[in-house]
Structures are given as C-alpha cells and as structure tokens.
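Before any comments, here is the structure.
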Amino acid sequence: MNMTDTGLEPLDSTDEAILRELRETASRLDPCPAHLTDRIAFALTVRALQAEVAELTSQAELVSRALAAEEPAQATTITYSTDSTSIMVSVSYDATGRARLDGWLTCGPGEVELDLGGHGTRSTTADQDGRFVLADLPHGPAHLLVRPDQGRAVVTPQFTL
C-alpha cells in the first residue's frame, strides 16, 4: 500500500473472494431467521395499509408456550382483537389433511383475505353476521387481512395452519 491509496479503488477478484468468504461464514454462523423476509413484508404491508394489528386474546397457552421447553399445543379456535373488531377463527382438517378456516367478525360484513405466504392468497366476503369460510387450504404460515365495510383494516399476526 502506498500513501496515495485511498481504498476507493474498484473491487478486484481478491476483494470479491474476501466478500464471498465473509458471506459464507456469516450464513453458516449466523443464518437469517426462518420467515424473516415474510415478517418484513408483513410489517411493510401493515404500514402501507395503516391497518390495526389484532392481538391474540384467547388461547393464552400459545402466547406462553415459547417460554416452555415442551411441544406447542395445537389450537383449533383462536381469537384476535383490536379496539374496534374481534376475529375468531376455527381450523379443521379434512380427510386429505387440507385445512378449513371458519371465521366470525364482530364488525359485520367485509372483505377477508388470507395470505398463505408462498402459497398465494385466498379471499372471501364475510356475510351480514360477519361469518366467512375458506376451505381447501394448504398447511403453512398464514395471516388474515380484514377490510370491514366500515372502519379500518385489521391484520392478524401470523399463525400456522
């Protein structure tokens, strides 16, 4: 290195080899958490929608199970709530293992969208009583986006079908 070397030279093959080795080492020792990109996309979607994020209000064992060393309990009915809306969903499985989601909104009718991560989205409409059904769903992470006929959109945290 000489006194005029500012470090602003274009990358050469040695620099690229060092960066490649650094990336491989970081990936091996501190890998990116599973579903991180999905969570980032979810957070950006919520911000873009200016939606309320519903909190899990029933199935408290699901909230505390992360602290326990035991296997997680499987909930078939869970409730999410915001100040304006509650969303209760019940999950059942058919003989082929596909999921069916029965849901009820306290805000009445509205559009319901289920984001299935890498499996796309499914949409339906809640009736006048706030009831909706989504069937033939694959297993995997999902979250709901509810757009009531009146009021702000509501997004649930991610859950697993």
Side-chain angles (χ1 to χ4, degrees), residues 22-161:
L22 180 61
R23 180 177 358 151
E24 290 171 7
T25 301
S27 295
R28 186 170 15 94
L29 298 177
D30 189 20
C32 180
H35 307 295
L36 179 62
T37 54
D38 292 338
R39 291 179 187 163
I40 291 169
F42 173 73
L44 293 173
T45 299
V46 169
R47 178 170 286 188
L49 292 171
Q50 296 180 346
E52 295 180 81
V53 178
E55 294 181 7
L56 182 64
T57 56
S58 68
Q59 297 297 327
E61 67 274 8
L62 293 177
V63 175
S64 61
R65 73 172 167 74
L67 301 175
E70 62 195 51
E71 289 292 317
Q74 182 177 16
T76 56
T77 302
I78 53 178
T79 304
Y80 297 98
S81 297
T82 67
D83 290 341
S84 61
T85 302
S86 288
I87 305 166
M88 185 173 81
V89 293
S90 179
V91 180
S92 59
Y93 298 92
D94 65 17
T96 65
R98 303 285 284 185
R100 173 186 163 113
L101 189 72
D102 289 273
W104 297 266
L105 309 175
T106 59
C107 58
E111 295 176 31
V112 177
E113 181 178 305
L114 180 67
D115 185 338
L116 296 162
H119 297 284
T121 61
R122 302 280 179 87
S123 298
T124 190
T125 303
D127 65 18
Q128 291 297 318
D129 297 323
R131 188 173 188 289
F132 63 93
V133 174
L134 292 161
D136 194 30
L137 303 170
H139 290 266
H143 69 263
L144 286 165
L145 169 62
V146 174
R147 293 184 184 94
D149 284 357
Q150 298 181 3
R152 293 176 59 189
V154 176
V155 177
T156 67
Q158 183 173 311
F159 55 92
T160 302
L161 292 173

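Values below: every heavy atom of this structure, side chains too, minus hydrogens, waters and symmetry copies.
- Atom-to-atom distance recorded for L101:CG and L161:CG is 6.5 Å, nearest 0.5 angstrom.
- Side-chain atoms of D94 and R100, non-hydrogen and from C-beta on, never get closer than 4.5 Å to each other.
- The aromatic rings of Y80 and F159 are tilted relative to each other, their planes meeting at an angle between 30° and 60°.
- Heavy atoms only, all atoms of each residue included: R147 and A153 are closest at CG-CB, 4.3 Å.
- Atom CD1 of I87 is separated from atom CD1 of I78 by 10.0 Å, given to the nearest 0.5 angstrom.
- Looking at heavy atoms from C-beta onward, W104 lies in side-chain contact with S90 at the 4.5 angstrom threshold.
- Annotation: side chain of V91 is not in contact with side chain of L137 (no heavy-atom distance under 4.5 Å).
- In terms of heavy atoms, G97 sits closest to H139 at O-NE2, 2.5 Å.
- In this structure, the side chains of S84 and R152 stay at 4.5 Å or more apart for every pair of heavy atoms.
- By the 6.0 Å contact criterion, CD on E24 is enclosed, its count of non-hydrogen atoms from other residues, nucleotides or ligands being greater than 12.
- Note: R131 CZ to D102 CG = 5.0 Å, rounded to the nearest 0.5 Å.
- Residue L116 holds its CG atom at 9.5 Å from NE2 of H143, rounded to the nearest 0.5 Å.
- With sequence neighbours left out, T124 forms a side chain to side chain contact (heavy atoms under 4.5 Å, CB included) with V112, F132, L134.
- Side-chain N or O atoms of T85 include none that pairs as donor or acceptor with a backbone N or O of C107 at under 3.5 Å.
- For D136, the CG atom counts as densely surrounded, since its 6.0 Å shell holds more than 12 non-hydrogen atoms of other residues, nucleotides or ligands.
- When all heavy atoms are compared, the tightest approach of C32 to L36 is SG-CD2, 3.5 Å.
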